[in-house]
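First the proteins, then the strands, lettered A, B, ... as listed; each starts at 1. Heavy-atom basis, side chains included; hydrogens, waters and symmetry copies ignored.
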Amino acid sequence: MIDQKRFVDDALREYSKLPGELEQLYTRRSVPLSIEIKQESLPDKKKEGVAVELHNELHAKTGVSFDATVWEGGWFTCGSPAMKLVKFGEDEYGELLSNSQHKSSEDKYVALIHATSRQALKIDVKDSTAAELKVLFACSDDPLPVQIHISVGDGSKLTLFEWHASQGHKDTFSGMLRDIRLGKNASCEINVLHNEGQNTTVLEHTKSRGDDRSSVKVNYVYAGSGTARARNLFEASGYESKVKVEEIIVGSKKQKFDLNTYVVNAAENSEASLGSAALAMQECACYLKGFAKITNGARGARSFVGEKGLLVDNTARINSIPSMSIGENAVKATHSSATGPIDHDSMFYLTSRGINAETAKQLMIFGFFSEPISSIKSGLAKEVASSIITAKIKAGGELIGIPELKAENTIWESATEPGIAHHYKYREEREANA
Amino acid sequence: MKLEIKDLHAGIEKKDIIKGVNLTVKEGEAHVIMGPNGSGKTTLAKAVFGYPGIKVSKGDILADGRSILPLKTDARAQLGLFLGFQHPVEIEGVGFVNFLRASREAVSQGQTSMKELMKDIKLLSSGLKMDDSIIGRALNKGLSGGEKKKAEILQMALQKPKIAILDEPDSGLDIDAVKIVASNINKVVEETRMGLLVITHYNRILSYMHPEHVHVMMDGRIVADGGNELIDRIEKEGYESFGR
């Protein structure tokens, strides 16, 4: 059994001695953070009221019913046997810590979350079953460090939608260590929406491994928070296993995004890809640091890193740095990077059809995100992502707390005949369920 | 609508490319401007639509007697003007149907039924012998030169403008496609009685369209006005006979 107190002490020690960045390649291209450890005990019960309020407001405005709401001091409304909350001090919590793919010594902020988290969300889908879960992570003035352990057993399937929100008025952080493991022929789609308030710093760490013929698709949408820092590692570690990661960033109002994601082909005939699409305006700064690695022996591997940026004004900046390390010969590996302003000839073409400049700009922005949004399989996640982007763009870059989910907000991403039919079918089903 | 171009001088930065063009096109009339490469035909079309890179240094462009120079490009289109592009722009991710809906709503200033729009698109694309897959594509993305020209005509037919300027609607088309495009332009003209100004190098498309007014443009000026006899003269003698 792990000595949890000692584990925390070690993590605290690592946190105090580790530099902000360990990876030399990217050290000079990172956003400096000033995070303090403020959570020494669990928040009082009053803070639960904030989480309940946020949950109710979200439900009222969007109609989304969450299977669980995780807040600083615990959780509520869990209705799924596939999910449980494990508390610090329990034996199971110790097991999760000792088996975690995230080690304190690898990253200062991993150590921080290990030292401060007092709960773990455990999702376990097994016996070739399928689960569809929706979880709200609600953060107030206190930090919300949380461990998320996801296990999808052989032949099982998981669709998870995480909505991360905050309502605090003080500077705080929302940190998560997400540990994903997939068995043979298992598949999962995880949709992570970061829509925290401007005072919140997001610390996002995901590590994923998949067995033979497993498939993991993770879609991140970064719309909120003042600063978001991600250090992710996705490994296609089984024969013919697949990893696909999409990062969608809509940045404005001096927001900072520092995203460093590794996709690794570690087995024969594996596929690993990372796509990043960042829109930046109003002094927003983005660092997109996608890294693809093909290990020796991963014959037949296919790897792709694509990063693209759209600068809406001349105050924003996007640093796009795709990199690759290829240790095997018989592989296919490509990378691309393109960042630029809105094209004037395209604007002229659209406005020559009577479309006003503002709408034309919006059409092009939505077009920019069309591909990654269309690749989201979950209807709800697609609808929420589209609505957040639409609302933020239409509000001139203001951070959107809770978007209104409307058909007209989402139709743009699926304006093809089958896409439209699919869209309306989804809307009808949702309305019928409501 | 009456579109009047009066003593127009326009160009890029301080260099005039259009050097005093006078031209009037009314609804129901069919005009053609012919001229060699670099004579200013495309610049003239873009100037009418207020292309940001082209500055008007002298003269005026009027729609029904009112200057459109202070208007932005979208406002000019909303008056009932349409520009068929020589090189239609490909725009990543903007769905063709979505674009058409936005365009129709902008011009009609009202909501568009998606069902009706899809019906109209299918009817028009069938008339133009276009592949149905265009419906599922991004705007002009991956289309051949000929398909792009057909897509421009489809847009014109949907928009039902009062006056359309078509910049080389025949370039990049094979002989069968030229016939199809010409017959569809004629059909829209018959249905809407719109005014038409076709810009072209060659007489190929004109043998299917029969414009009443032919203008020859050389070095930024209209150097000859007339009827079909000018087309025959260009065919026989080339543009050199107009003083190239």
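Within the structure, salt bridge (Lys or Arg N to Asp or Glu O under 4.0 Å) contacts touching residues 64-89 of chain B (residues at least two apart or in different chains) do not occur.
Atom CD of Glu371(A) has 12 or fewer heavy atoms from other residues, nucleotides or ligands within 6.0 Å. Environment of CD in Gln109(B): crowded, with over 12 heavy atoms of neighbouring residues, nucleotides or ligands closer than 6.0 Å. When the shell of 6.0 Å around NE2 of His9(B) is examined, it contains more than 12 heavy atoms from other residues, nucleotides or ligands. Within a 6.0 Å sphere centred on NZ of Lys19(B), other residues, nucleotides and ligands contribute more than 12 heavy atoms.
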For residues 44-55 of chain B, run the donor-acceptor check on the side chains, cut-off 3.5 Å, and write out each pair with its distance to 0.1 Å, sequence neighbours left out.
{"residue": "Tyr51(B)", "atom": "OH", "partner": "Asp345(A)", "partner atom": "OD1", "Å": "2.6"}
{"residue": "Lys55(B)", "atom": "NZ", "partner": "Pro52(B)", "partner atom": "O", "Å": "3.0"}

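Put simply, OG on Ser346(A) and CG on Asn140(B) are 10.0 Å apart, with the number rounded to the nearest 0.5 Å. One finds the CD atom of Gln78(B) at 10.5 Å from the OG1 atom of Thr351(A) (value rounded to the nearest 0.5 Å).
Contacts of Leu83(B) with chain A are made by both backbone and side-chain atoms, with heavy-atom separations under 4.5 Å. Heavy-atom distances place the side chain of Leu139(B), and not its backbone, under 4.5 Å from chain A.
Taking non-hydrogen atoms and a 4.5 Å limit, the residue list of residues 183-196 of chain B in contact with chain A is empty. For residues 147-160 of chain B, heavy-atom neighbours of chain A at less than 4.5 Å comprise Glu152(B), Gln155(B), Gln159(B), sorted by residue number.
Closest heavy-atom contact between Gly354(A) and Ala106(B): O-CB, 3.0 Å. What you find for Phe85(B) and Ser352(A) is that their closest heavy atoms are CE1-OG, 3.4 Å.
Judged by distance alone, with hydrogens and angles left aside, the side-chain atoms of Ser103(B) form a donor-acceptor pair with the main-chain N or O of Arg353(A) at under 3.5 Å.
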